[in-house]
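Quick notes on the structure that follows.
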Number of protein chains: 2
Amino acid sequence: MSPVRTPEETRMMILETALDLFHRSSFTGTSINQIVDKAGITKGALFHYFKGKNELGYAVVEECLKRQIQEHWITPLATSVDPVSDMLAILEKMSQMLVDEPHILECGCPLNNLSQEMSSRDETFRLRLLELYRDWEDAIEKSIRAGIDAGNIKEETDPQSTASAIVALLEGSIGLIKVNKDMAYVARMGQGIANFLLSLKP
Amino acid sequence: MSPVRTPEETRMMILETALDLFHRSSFTGTSINQIVDKAGITKGALFHYFKGKNELGYAVVEECLKRQIQEHWITPLATSVDPVSDMLAILEKMSQMLVDEPHILECGCPLNNLSQEMSSRDETFRLRLLELYRDWEDAIEKSIRAGIDAGNIKEETDPQSTASAIVALLEGSIGLIKVNKDMAYVARMGQGIANFLLSLKP
DNA sequence: TTGACAACATACCAACCGGTCGGTTTCTGT
DNA sequence: ACAGAAACCGACCGGTTGGTATGTTGTCAA
């Protein structure tokens, strides 16, 4: 006989519902009532686990977004000595996700969305999101260093500024794709990104 | 004796106040009352000139943002045959603006802000903002073609995808600067952008 | 079995939102 | 001079927001 109340699952359900709604409709554009309704719980439950909407947002950043960045970027690049090829493979995988779930075409990147919306409005949000970006850039930077050592990247490449530029290029691309909402544009942008990455090879 | 009522000035005051507040606090984050208060007018006046908040937003895009893109990018690049150097000059000018008015550091790009916020929520917004991006990309694309013809850009460069990537890189950079809020990071990103642009030269 | 606390549920609140509407003031064509 | 239109005012409205107060139900250790 399974228990009626499963606190951990409830909390996780709230987090994932919030993540999904924040992704589709932004943070301020999503009301607590919407989260509660879609998660199939009540306001009492939500405020039992989180002090307020902001705290829920922080938790989404720390737990959900952090894990996504980790899975998609940091882990795959951790042992890479050919980051250009490996990043192209990651992008290929993400491009496939766009084909499978076309609604993502107009949703953008959850990390970028939340950053653009909240970082100038709430300092706690900014600092937590900044940490994720730092982790992401660091992972790319280290892989570039490894790539240089392995002879897979031009020696004169500056790892730090190149890593920042790569992240900027990716986030900017997703933002533009959101506005264009067009698979042909996705292909064009993919070519632009690929050309940039390939220019780093010797 | 100057007239008490100056309709055109009133309308322009509303537009510029709205542009400034949308830039600082986003579209949904700015209330009509805030606009009205800061512009020194009343709600009646605002609704006399614009059917609603969305229509005001459309006008801000069509009149204010369009002019800004035109001034900063399209006009300077129209006659360019060395777009890399000319774009670096534009960026240098914008970087100086950041030093003069540091609050922009956390405000981001008005066009990017509005796009990320509204393009998935209102189709009219998306289409109008998309038009501005197309104009911007077209201007860069054409200047790249001219640069190739003049021998200032590598022949194998694909103008279209490169133009898209440049816009993505710029918008992504401003977005990341907003999160980092740090002049040292601005310098790092500037170096990353410059390296990318310079890689287009023969 | 029972007390204590975590895990929920629900009704309610003040503040704020975009928008309306009837009225007043200023301007302009005749 | 005067009528009618444009410009502008500000009180008001229904709806929504994040958040709270209070009550009920399930769980588990003693």
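We use all heavy atoms of the structure for the numbers below, so side chains are in, but hydrogens, waters and symmetry mates are not. Since the structure is predicted, the reported quantities are computational estimates derived from the model, not experimental observations.
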Inset, instruction - At under 4.0 Å between heavy atoms, which parts of nucleotides 17-24 of chain D does protein reach? Answer with one letter per nucleotide, 5' to 3': B base, S sugar-phosphate only, - none. - result: SBBB----
Determine all donor-acceptor pairs shorter than 3.5 Å in which one atom belongs to a side chain in residues 176-187 of chain A; sequence neighbours excluded.
from, atom 1, to, atom 2, distance (Å)
A/K178, NZ, A/N113, OD1, 3.1
A/K178, NZ, B/Q116, O, 2.9
A/K178, NZ, B/Q116, OE1, 3.2
A/N180, OD1, B/R134, NH1, 3.4
A/N180, ND2, A/L176, O, 3.0
A/K181, NZ, B/E123, OE1, 3.4
A/D182, OD1, A/A184, N, 2.9
A/Y185, OH, B/E137, OE2, 2.4

Inset, instruction - Please determine if a side-chain N or O atom of A/H48 lies less than 4.0 Å away from the OP1 or OP2 oxygen of C/dA7. - result: yes
Inset, instruction - Please determine if a side-chain N or O atom of A/T10 lies less than 4.0 Å away from the OP1 or OP2 oxygen of C/dA7. - result: no
Inset, instruction - Write down the distance between CD1 (B/I41) and P (D/dC9), rounded to a whole number of angstrom. - result: 7 Å
Inset, instruction - Check the distance between D/dG10's P and B/I35's CD1 and give it to me in whole angstrom. - result: 18 Å
Legend entry - Atom-pair distance (CG on B/D37; P on D/dG10), nearest Å: 11 Å
Which donor-acceptor pairs under 3.5 Å do the side chains of residues 94-109 of chain B make with protein atoms, sequence neighbours left out?
from, atom 1, to, atom 2, distance (Å)
B/Q96, NE2, B/D100, OD1, 3.4

Legend entry - B/F50 CZ to D/dA7 P, straight-line distance once rounded to whole Å: 12 Å
Inset, instruction - May I have the distance from A/R11 (atom CZ) to C/dC8 (atom P), rounded to whole angstrom? - result: 12 Å
Legend entry - side-chain contact (heavy atoms from CB on, under 4.5 Å) partners of B/T162, counting only residues at least two apart: B/I144, B/T157, B/I166, B/L200
Legend entry - For A/E171, salt bridge (charged side-chain N to carboxylate O under 4.0 Å, His left out) partners two or more places apart: none
Legend entry - Protein-nucleotide distance (B/Y49, atom OH; D/dA6, atom C1'), rounded to Å: 8 Å
Legend entry - Interatomic distance where CD1 belongs to B/I14 and P belongs to D/dA7 [whole Å]: 11 Å
Inset, instruction - For the pair A/F125 and A/Y58, name the ring-plane relationship: parallel under 30°, tilted 30 to 60°, perpendicular over 60°. - result: perpendicular
Legend entry - Listed partners of A/D158 passing side-chain contact (heavy atoms from CB on, under 4.5 Å), at least two apart: A/Q160, A/S161, B/Q191
